[in-house]
Amino acid sequence: DDAITTVAIPNNTRSTRANIGNQLTEGIEIETRWPINTDINLTLNYSHLLRNKFNDSFGNFAPDAFIANDIANLALDWRASNMITSLQMQYHSGQSVLGDDSSVWLTHIQFNYQLLPAVTLQLGLRNAADLEYFSAATGGGLGLNQNNTIEREIPRRGRSVQLGLIWRF
């Protein structure tokens, strides 16, 4: 696959998106589902990156530093009449460009209420614990900080509420 990232425009304070090389990632993913009973299901998913091959046209970009090598999801779903309540835990291992402490566990809660056979109302609470965490900005990052090094920490969204309507037709 093509690797596209943000790169600085020479002699300018702006940046642009550019194809900087080719990337091939290889890994494993395992998922298991367990129906505890007719109303409760447990799902576990785990992904691990084994290898990341990258051909860089700039010669100085290290994509492994920007990738979480381990991602895990755990979901407990409970059905009661027309309502499904889901409690989800999500783990992202750290990105080495951000330091060793960038791993994070997030908690999400979602309610799905079936109004009609083809219509479902959704209400979700993402990052319920309101944890502060970051993603890594690739390429030129967010610019230079006062120490004249590239700033890479992109703040991620804190606690948020999602409201949705699904209409199957």
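Since the model is a prediction, treat every value here as computed from it, not as a measurement.
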Participant: Which residue pairs pass the salt bridge (Lys or Arg N to Asp or Glu O under 4.0 Å) test with at least one member in residues 65-90, sequence neighbours excluded?
Facilitator: none
Participant: Using a 3.5 Å distance criterion without hydrogens, assess whether the side chain of Ser103 forms a donor-acceptor pair with backbone atoms of Gly94.
Facilitator: yes
Participant: Kindly say whether Asn127 contributes a backbone atom to a donor-acceptor pair with the side chain of His108 at under 3.5 angstrom?
Facilitator: yes
Participant: Not counting sequence neighbours, list each pair that qualifies as a salt bridge (Lys or Arg N to Asp or Glu O under 4.0 Å) and has a residue in residues 87-96.
Facilitator: none
Participant: Are Gln122 and Phe111 close enough that some pair of their side-chain heavy atoms sits under 4.5 Å apart?
Facilitator: no
Participant: Atom CD1 of Ile84 and atom OG1 of Thr120: how far apart are they, to the nearest 0.5 Å?
Facilitator: 8.0 Å
Participant: With rounding to the nearest 0.5 Å, note down the distance linking OH in Tyr91 to OG in Ser47.
Facilitator: 13.0 Å
Participant: Enumerate the salt bridge (Lys or Arg N to Asp or Glu O under 4.0 Å) contacts for residues 32-44, please, sequence neighbours excluded, ordered by first and then second residue.
Facilitator: Glu31-Arg33
Participant: Give a yes or no on this: more than 12 heavy atoms of other residues, nucleotides or ligands lie within 6.0 Å of atom CZ of Arg168.
Facilitator: yes
Participant: Side chain to side chain contact (heavy atoms under 4.5 Å, CB included) between Leu42 and Thr32: does it pass, once the steps are laid out?
Facilitator: CA-CA 8 Å; Leu42 182 67; Thr32 184; over 6 Å; no
Participant: Provide the full list of salt bridge (Lys or Arg N to Asp or Glu O under 4.0 Å) pairs with a residue in residues 121-134, sequence neighbours left out, each pair given once.
Facilitator: none
Participant: Assess, by modelled atom type and distance only, whether the side chains of Asn112 and Gln114 contain a donor and an acceptor separated by less than 3.5 Å.
Facilitator: no
Participant: Decide if atom CH2 of Trp105 counts as having more than 12 heavy atoms of other residues, nucleotides or ligands within a radius under 6.0 Å.
Facilitator: yes
Participant: Applying ring-ring contact (aromatic ring centres under 6.0 Å, His included), name anything that partners Trp167, two or more places apart in sequence or on another chain.
Facilitator: Phe169
Participant: Is it true that the side chains of Gln88 and Asn73 contain a donor and an acceptor less than 3.5 Å apart?
Facilitator: no
Participant: Enter the distance from Arg159:CZ to Leu125:CG here, rounded to the nearest 0.5 Å.
Facilitator: 6.5 Å
Participant: Under the side chain to side chain contact (heavy atoms under 4.5 Å, CB included) criterion, do Leu106 and Leu131 qualify, and how do the steps go?
Facilitator: CA-CA 7 Å; Leu106 300 173; Leu131 295 177; 4.2 Å; yes
Participant: So, for Asn37 and Ile40, which heavy atoms are closest and what is the spacing to 0.1 Å?
Facilitator: OD1-N, 2.9 Å
Participant: Kindly indicate whether the side chain of Asn41, heavy atoms from C-beta on, has any atom under 4.5 Å from the side chain of Leu76.
Facilitator: no
Participant: Taking the side chain as every heavy atom from C-beta outward, state whether Asn45 and Ile30 have any atom pair closer than 4.5 Å.
Facilitator: no
Participant: For the CD1 atom of Ile166 and the CG atom of Leu121, what is their distance to the nearest 0.5 Å?
Facilitator: 9.5 Å
Participant: Side chains of Leu50 and Ile28: closer than 4.5 Å at any heavy-atom pair?
Facilitator: yes
Participant: Rounded to the nearest 0.5 Å, what's the gap from OH on Tyr133 to CZ on Arg157? Could you check?
Facilitator: 8.5 Å
Participant: Any side-chain to backbone donor/acceptor pair from Ser93 onto Asn69? Under 3.5 Å, distance only.
Facilitator: yes
Participant: Quick check for you: to the nearest 0.5 Å, what is the distance between Met89 atom CE and Thr107 atom OG1?
Facilitator: 3.5 Å
Participant: Listed by chain and number, what are the side chain to side chain contact (heavy atoms under 4.5 Å, CB included) partners of Leu116, not counting sequence neighbours?
Facilitator: Val119
Participant: With a 4.5 Å heavy-atom cut-off, do Leu123 and Val161 have their side chains touching?
Facilitator: yes
Participant: Kindly work out whether a path of hydrophobic side-chain contacts (I/L/V/M/F/W/Y, heavy atoms less than 4.5 Å apart) joins Ile109 to Met83.
Facilitator: yes
